[in-house]
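Working notes, structure below.
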Amino acid sequence: MKPFTEQTLSIIQRIPSGHIMTYGQIAKCAGNPRAARQVARILHSMSEKHQLPWHRVVNAKGNISFQDANRRKEQRTLLEQEGIAVINGRISLEEYQFCCEIPFE
DNA sequence: CATATGACGTCAA
DNA sequence: TTTGACGCCATAT
């Protein structure tokens with residue numbers, strides 16, 4: 001098993017275009033079902049340097065976790081470009097959530 | 001009341 | 001000094 005951070009990064013990079021994942025889902029796939037916070041931290045700190053599709057990561061509610069209206073609008077635009085319908089800053093998890101059941105080593 | 005989620009902060013190399 | 005790794009707690013459902 002590789003480090004949690006590395007696993008998380010790999011998972012995020014594996015999210016297909018037009019699909020999204022939640023923090024809990026990513027954390028669970030990475031090996032730590034309770035490490036949703038870490039996922040958030042990774043995105044905040046390493047997304048820009050690792051070219052991660054951060055816009056494909058949303059919270060369990062299907063909402064954009066950003067507080068800044070600018071960032072939320074930006075992410076919404078990015079998601080819409082991938083064909084994801086964002087209604088009131090909300091995304092239909094049932095339609096776009098990517099089921100990550102890949103056995104990472 | 002109990003369970004699940006979270007765009008953080010801090011420490012070490 | 002900067003980048004990578006790790007966990008407890010508060011809030012919402």
Side-chain angles (χ1 to χ4, degrees):
Chain A
M1 177 73 92
K2 293 150 75 176
F4 180 81
T5 307
E6 195 176 325
Q7 288 285 56
T8 304
L9 292 172
S10 300
I11 294 169
I12 296 173
Q13 290 177 53
R14 262 141 243 209
I15 301 176
S17 190
H19 289 261
I20 58 175
M21 279 190 89
T22 64
Y23 293 88
Q25 190 70 26
I26 295 172
K28 185 165 60 180
C29 290
N32 278 15
R34 309 277 121 72
R37 296 187 69 193
Q38 225 174 325
V39 177
R41 209 217 114 263
I42 292 170
L43 285 171
H44 176 79
S45 188
M46 310 172 89
S47 57
E48 299 179 43
K49 303 177 181 63
H50 291 251
Q51 300 179 300
L52 296 177
W54 56 273
H55 53 278
R56 302 202 189 132
V57 183
V58 295
N59 62 19
K61 300 182 290 297
N63 279 297
I64 297 172
S65 299
F66 280 115
Q67 305 101 307
D68 303 292
N70 284 51
R71 296 282 121 51
R72 296 195 314 186
K73 188 161 65 77
E74 186 179 314
Q75 183 169 19
R76 172 169 55 167
T77 304
L78 260 40
L79 291 170
E80 292 182 328
Q81 284 180 42
E82 309 214 326
I84 298 176
V86 184
I87 313 300
N88 287 65
R90 178 160 241 158
I91 304 167
S92 305
L93 292 174
E94 301 304 309
E95 296 184 53
Y96 307 105
Q97 186 167 154
F98 176 59
C99 297
C100 177
E101 298 183 46
I102 306 171
F104 291 97
E105 66 281 13

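Small disclaimer: the values here were computed from a predicted structure and weren't measured. Residue numbering restarts at 1 for every chain, and letters A, B, ... go by the order of the sequence lines. Any value given below was found using the heavy atoms of this structure, including those in side chains, with hydrogens, waters and symmetry copies removed.
Residues passing the side-chain contact (heavy atoms from CB on, under 4.5 Å) test with A:Ser45, sequence neighbours excluded: A:Arg41. Residues satisfying the side-chain contact (heavy atoms from CB on, under 4.5 Å) criterion with A:Arg37, sequence neighbours excluded, are absent altogether. For A:Glu6, the side chain to side chain donor-acceptor pair (under 3.5 Å) partners are A:Lys2, not counting sequence neighbours. Here A:Gln97 pairs with A:Thr22, A:Gln25, A:Leu93 under the side-chain contact (heavy atoms from CB on, under 4.5 Å) rule; sequence neighbours left out. Under the side-chain contact (heavy atoms from CB on, under 4.5 Å) criterion, A:Thr5 pairs with A:Leu9, A:Gln38, A:Ile42, A:Met46, not counting sequence neighbours. Legend: residues meeting salt bridge (charged side-chain N to carboxylate O under 4.0 Å, His left out) with A:Glu82, ordered by chain and number and at least two apart, are A:Arg56.
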Nucleotides 8-10 of chain C: which of its N/O atoms have a protein N/O under 3.5 Å away?
{"residue": "C:dC8", "atom": "O2", "partner": "A:Arg37", "partner atom": "NH1", "Å": "2.8"}
{"residue": "C:dC8", "atom": "N3", "partner": "A:Arg37", "partner atom": "NH1", "Å": "2.9"}

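What separates CD1 of A:Ile26 from C1' of B:dA7 is a distance of 11 Å, to the nearest Å. Per the geometry, CD belonging to A:Glu6 stands 18 Å off P belonging to C:dT3, to the nearest Å. When rounded to the nearest whole Å, the span between CD1 of A:Ile42 and C1' of B:dT10 equals 15 Å. Note: OH (A:Tyr23) to C1' (B:dC8) measures 12 Å, nearest angstrom. Taking atom NZ of A:Lys28 as the reference point, atom P of B:dG6 lies 12 Å away to the nearest angstrom.
Listed by first and then second residue, the salt bridge (charged side-chain N to carboxylate O under 4.0 Å, His left out) pairs involving residues 24-36 of chain A amount to none (not counting sequence neighbours).
No side-chain heavy atom of A:Leu52 sits less than 4.5 Å from a side-chain heavy atom of A:Val57.
For DNA chain C, the residues of residues 43-67 of chain A within the heavy-atom distance limit of 4.0 Å (strictly under) are A:Met46, A:Lys49, A:His50, sorted by number.
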